[in-house]
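Worksheet: the structure to be examined is printed underneath.
Note that the numbering runs from 1 along the sequence shown for the chain. Counting convention: from 1, in listed order, for ligands and their atoms alike.
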Amino acid sequence: MLASALRAAGHAVVAASAVSQDSRDRIDALLPGVPVLEVPQVVERAELVLLTVPDDVLPGLVAGIAETGGWQAGQIVIHTAGRYGTQVLEPAQRAGAIPVALHPAMTFTGTSIDLSRLVGCPFAVTAPAPVLPIGQALVVEIGGEPVVLPEAARPLYHAALAHGANHLVTLVAQAMRSLQQAGIEEPGAYLTPLLTAALDGTLRDGELALTGPVLRGDAGTVAEHLERLAELAGQDATFVDLPPTYRALARATTQRAWAGGRFADSTARALLDAIDPPADTPGVPDTAPTATPDLPAAPADHPGRAPQPTDPPDPQTDPASPVLVRTRAELRSALGRQHGTRAVVMTMGALHEGHLDLVREARRRADHVVVTIFVNPLQFGAGEDLDAYPRDLEADLAKVAAAGADIVFAPDRQTVYPDGEPAVRIDPGPVATRLEGATRPTHFAGVLTVVHKLLHLTRPDVALFGQKDAQQLALVRSMVRDLDLDVEVVAVPIRREPDGLAMSSRNAYLDAPQRQAALALSAALTAGAERVTDGAAAVLRAAREHLAAAPGIRLDYLELVDPETMEPVQFGQGGPALLAVAAWVGSTRLIDNVILDLQEDE
Ligand code: AMP
């Protein structure tokens with residue numbers, strides 16, 4: 001499009017390069033008659049080279065052309081990536097080329113409509129001082145308004161534009177979809193006058209243009225909005241991003257209005273409490289030193305307020321929040337944006353610190369972390385808790401954000417099994433008939449089938465599994481070995497509550513007496529482990545005795561097995577052994593285990 005504008009201004013466009021079919025079509029439409037050539041040939045023929053590639057591709061492209069000696073002395077090289085100045089063109093500059101960075105503050109459609117949008121459009125121009133006039137002149141030629149921007153200011157400049165323009169799209173689209181849910185048939189038409197007035201007002205008066213419940217201090221209204229949005233997100237997962245966005249913007253709006261002296265501390269406090277009810281904000285100390293512990297510092301000229309501590313890090317507004325992807329196409333495109341190594345953590349959601357240990361370990365082991373959240377129907381037997389299994393995607397997102405996930409893949413059943421139940425499955429072999437498999441005969445075929453699928457969909461270098469599900473871990477390891485899957489399997493130790501109970505999403509089913517009764521599982525394992533120096537028989541006896549005396553639990557199995565084959569260890573045998581237990585507490589089935597290093601009996 002810029003090339004087309006330069007052509008209209010009288011420059012000859014000698015050639016263009018395109019990789020995708022879309023780019024070829026655009027060249028056909030906007031630059032008719034211009035030959036499409038490979039990059040080196042375009043660079044060889046042109047006195048002025050325009051690089052309009054994605055930001056992340058630019059450094060490699062410039063360096064690649066330099067490596068093959070493509071840049072020529074005196075050649076003008078322009079890129080249009082917002083976040084970069086001319087430093088990125090240094091390899092071209094070293095070969096004598098003239099570097100210029102241009103960035104139009106405009107959004108483009110890729111069609112000829114764009115040409116008219118260039119007229120009067122502000123362009124940031126960054127270039128070494130002697131060649132700045134070249135960049136400015138080019139902008140003027142195509143009808144734009146050049147604005148000189150220093151190299152160091154480019155990232156902030158670009159962040160500001162992206163935040164304003166791109167996030168506005170998300171915000172307005174969220175409002176349109178919500179209105180549709182409220183029964184407004186043409187939300188776009190309905191919103192136009194309101195949003196136009198708000199935009200005009202803000203561009204003219206800044207934050208003074210604010211109206212609405214936050215400015216009026218209507219904490220009750222804000223709380224009700226959040227309640228309704230949470231309800232909507234609960235009914236329809238495609239709205240799951242709405243409550244955190246509303247909350248983040250309501251918080252920022254409150255803080256900005258307070259800092260601008262628009263209302264009293266107590267009003268700000270009431271609003272912030274409605275936005276983040278205090279019980280849910282563990283980062284804020286109970287004995288707050290001031291009445292407004294999480295308000296930002298007021299500007300120095302704002303009377304009567306001492307500087308306040310800054311907010312604790314907030315996963316919901318943290319820029320490192322993960323991308324939520326729900327379809328295969330979204331996942332593919334999110335993965336395509338990652339470079340470097342990748343770790344995957346597979347979960348069924350309702351996340352707790354045990355899951356987050358996996359995410360944190362993943363963070364340490366790879367450049368990128370993908371967390372999958374999918375309650376896999378294939379691994380639930382008839383009469384099991386598939387429908388009742390706890391689900392809370394919004395809370396899960398906030399938790400994995402804090403633990404460092406980059407992508408959360410939360411597909412629905414249809415996405416994972418588009419043709420219904422798969423006809424071809426992984427046969428987990430004899431290990432799957434023992435322990436858990438004796439009670440849940442189809443469980444591990446379902447687990448390994450979904451693990452295999454998710455490994456293929458996410459293509460990780462490392463996959464992390466919890467020791468909590470020791471038999472699952474052993475089976476995943478043997479699947480990877482037996483089927484030559486190219487992934488490293490890493491085990492993560494069991495995370496327990498302070499009283500010893502192994503963390504599990506199913507603990508949420510337990511009432512207070514059951515929660516107390518459930519402690520018998522970990523206590524029995526500890527009783528067994530204490531006898532490890534006395535050999536296998538003593539370990540089993542101690543654990544059994546403990547369970548026999550425990551009220552409120554129904555034992556499924558307690559076994560001391562080989563951690564790979566899950567076969568019972570022979571009495572007298574030494575080496576690593578897994579002491580594993582499963583029991584019912586009420587209608588909840590819990591499992592736990594501990595790895596022991598057995599002493600050989602004489
Ligand atoms: P789930 O969501 O229960 O399927 O668990 C997902 C992953 O988290 C599995 O690899 C589990 O073994 C692991 N996991 C679950 N609970 C714990 C825990 N208490 N400690 C460590 N890992 C766990």
Side-chain angles (χ1 to χ4, degrees), residues 343-365 369-381 384-386 388-393 395-397 399-400 403-405 408-411 416 428 435-436 440 443-455 458 460 462-480 487-510 515 518-519 521-522 525 563 566 578 580-582 588-595:
V344 69
V345 173
M346 300 177 191
T347 79
M348 299 206 297
L351 301 181
H352 50 65
E353 282 299 314
H355 295 114
L356 300 183
D357 281 349
L358 270 65
V359 179
R360 288 184 281 257
E361 185 59 31
R363 181 81 276 166
R364 284 191 281 274
R365 286 177 181 262
V369 177
V370 180
V371 174
T372 68
I373 299 182
F374 178 59
V375 183
N376 174 34
L378 225 56
Q379 70 193 63
F380 287 76
E384 291 187 351
D385 57 345
L386 172 61
Y389 198 85
R391 292 163 169 88
D392 191 349
L393 186 55
D396 289 347
L397 286 176
K399 289 175 192 165
V400 294
V408 172
F409 179 43
V416 178
L435 304 182
E436 285 300 284
R440 312 179 72 190
H443 176 63
F444 287 117
V447 170
L448 291 194
T449 302
V450 84
V451 168
H452 193 273
K453 282 169 77 83
L454 289 172
L455 285 174
T458 59
V462 187
L464 295 101
F465 293 87
Q467 181 61 38
K468 163 85 179 357
D469 297 275
Q471 194 174 6
Q472 165 177 293
L473 173 66
L475 280 163
V476 169
R477 282 194 197 285
S478 61
M479 172 175 76
V480 165
V487 64
E488 182 192 357
V489 174
V490 170
V492 174
I494 301 180
R495 168 70 84 130
R496 300 178 178 280
E497 301 288 357
D499 58 9
L501 180 68
M503 288 193 184
S504 162
S505 308
R506 289 190 167 101
N507 292 349
Y509 298 144
L510 305 174
R515 171 73 182 65
L519 289 178
L521 274 74
S522 54
L525 297 179
M566 302 291 146
L578 182 79
V581 62
T588 306
R589 190 168 176 282
L590 299 177
I591 58 172
D592 199 352
N593 69 80
V594 63
I595 297 257

Going by heavy atoms in the side chains, are [X] and [Y] under 4.5 Å from each other?
{"X": "Ser505", "Y": "His355", "result": "yes"}
{"X": "Val344", "Y": "Val462", "result": "no"}
{"X": "Asp385", "Y": "Arg506", "result": "yes"}

List ligand 1 atoms under 4.0 Å from [X], heavy atoms only on the residue side.
{"X": "Met348", "answer": "1 (P), 2 (O), 4 (O)"}
{"X": "Gly354", "answer": "18 (C), 20 (N), 21 (C), 22 (N)"}
{"X": "Asp469", "answer": "11 (C), 12 (O)"}
{"X": "Pro493", "answer": "20 (N), 21 (C)"}
{"X": "Ile494", "answer": "20 (N), 21 (C)"}
{"X": "Met346", "answer": "6 (C), 7 (C)"}

Result of checking Leu358, Val371, Thr372 against Met346 for side-chain contact (heavy atoms from CB on, under 4.5 Å): Thr372
Nearest-neighbour protein heavy atom for [atom], which is reported as residue plus atom name and distance:
{"atom": "atom 20 (N) of ligand 1", "answer": "Arg495 N, 2.9 Å"}
{"atom": "atom 19 (N) of ligand 1", "answer": "Met503 O, 2.8 Å"}
{"atom": "atom 10 (O) of ligand 1", "answer": "Gly466 N, 2.8 Å"}

N/O separation below 3.5 Å, Lys468 to ligand 1: no
Does any N/O atom on His355 come nearer than 3.5 Å to any N/O atom on ligand 1? yes
Using a strict threshold of under 4.0 Å (side-chain N to carboxylate O), is an ion pair present between Arg496 and Asp592? yes
So is [X] close enough to ligand 1, meaning a heavy atom under 4.0 angstrom away?
{"X": "Ala350", "value": "no"}
{"X": "His352", "value": "yes"}
{"X": "Leu358", "value": "yes"}

Interatomic distance, CZ@Arg365 vs CD@Glu488, rounded to 0.5 Å, equals 6.0 Å
Nearest heavy-atom neighbours spanning Arg440 and Arg589: CD-NH1, 3.9 Å
Determine, step by step, whether Glu497 and Arg515 satisfy the side chain to side chain contact (heavy atoms under 4.5 Å, CB included) criterion, reporting the C-alpha distance in whole Å, the side-chain angles of both residues, the deciding distance to 0.1 Å, and the verdict. CA-CA 11 Å; Glu497 301 288 357; Arg515 171 73 182 65; 3.8 Å; yes
Sub-3.5 Å donor-acceptor pair from the side chain of Glu353 to the main-chain atoms of Arg495, do we have one? no
